[in-house]
A.B. asks: 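Questions regarding the structure given below will be posed in turn.
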Amino acid sequence: LLAGGLFAAARFAIWTWRMMRTQLVVTTRRVMLESGLFARQATEFPLEEIGSLHVEQTAVGHMLDVGDMVIVCEAGTRRQAIVMALPSPA
């Protein structure tokens, strides 16, 4: 039981750190998502290629006022990026 609690606490700490190190940058020409703990990764979507944005929110996420935002790019190869645990998503 103690090992399970320690494991859950460690996973939550890593998840929290990762969410704090994620940035969503919106400009007049593009949307960029930058993340990473030790090595930075960036995904870029030109505004004209974004087909849809939607928010997914679980019951627990609604109580905590967080949700996941999904950015879908329709041009070329269909790709998407998910911004997890976005505060006040609606």
Side-chain angles (χ1 to χ4, degrees):
L1 186 62
L2 180 60
L6 289 175
F7 178 75
R11 291 279 298 174
F12 181 74
I14 291 169
W15 176 82
T16 301
W17 178 300
R18 188 169 177 211
M19 293 306 104
M20 289 172 42
R21 298 285 301 154
T22 299
Q23 291 183 309
L24 178 66
V25 179
V26 180
T27 70
T28 57
R29 294 189 302 198
R30 62 184 172 208
V31 174
M32 295 177 293
L33 179 63
E34 299 175 348
S35 65
L37 289 174
F38 303 108
R40 299 295 285 168
Q41 300 167 342
T43 303
E44 184 176 306
F45 294 96
L47 281 181
E48 63 270 4
E49 294 181 7
I50 294 176
S52 65
L53 293 170
H54 62 275
V55 174
E56 298 174 354
Q57 193 174 40
T58 64
V60 173
H62 183 69
M63 287 186 292
L64 298 174
D65 197 25
V66 296
D68 298 340
M69 183 175 66
V70 181
I71 304 168
V72 180
C73 181
E74 300 289 349
T77 60
R78 182 181 166 102
R79 59 191 177 125
Q80 69 179 19
I82 301 174
V83 182
M84 296 174 59
L86 187 68
S88 303

A.B. asks: Just wondering, do T22 and M84 contact through their side chains at under 4.5 Å, heavy atoms?
C.D. replies: no
A.B. asks: Would you name the heavy atoms of P89 and G67 that are closest together and state the gap between them?
C.D. replies: CG-N, 3.6 Å
A.B. asks: Please check if the number of heavy atoms outside H54 that lie under 6.0 Å from its NE2 is greater than 12.
C.D. replies: yes
A.B. asks: Would you say Q41 and T43 make side-chain contact, with heavy atoms under 4.5 Å?
C.D. replies: no
A.B. asks: Is it possible for you to say whether V60 and F12 belong to one hydrophobic cluster, with membership spreading through side-chain heavy-atom contacts below 4.5 Å?
C.D. replies: no
A.B. asks: First locate atom OG of S88, then atom CG of L64, and finally report the distance between them rounded to the nearest 0.5 Å.
C.D. replies: 11.5 Å
A.B. asks: How far does CD of E48 sit from CD of E74, to the nearest 0.5 angstrom?
C.D. replies: 13.5 Å
A.B. asks: Supply the atom-to-atom distance E49 CD to R78 CZ, rounded to the nearest 0.5 angstrom.
C.D. replies: 13.5 Å
A.B. asks: With side chains defined as the heavy atoms from C-beta onward, is the minimum distance between I71 and V31 less than 4.5 Å?
C.D. replies: yes
A.B. asks: Is there a continuous path of hydrophobic side-chain contacts, each under 4.5 Å between heavy atoms, that joins I82 to V55?
C.D. replies: no
A.B. asks: Counting distance only, does the side-chain N/O of Q23 pair as donor-acceptor with the main-chain N or O of L33 below 3.5 Å?
C.D. replies: no
A.B. asks: Is it the case that one hydrophobic cluster holds both F45 and M69, taking links as side-chain heavy atoms less than 4.5 Å apart, direct or via other members?
C.D. replies: yes
A.B. asks: Is it possible for you to say whether L86 and V26 belong to one hydrophobic cluster, with membership spreading through side-chain heavy-atom contacts below 4.5 Å?
C.D. replies: yes
A.B. asks: What is the distance from atom OG of S35 to atom CZ of R40, rounded to the nearest 0.5 Å?
C.D. replies: 6.5 Å
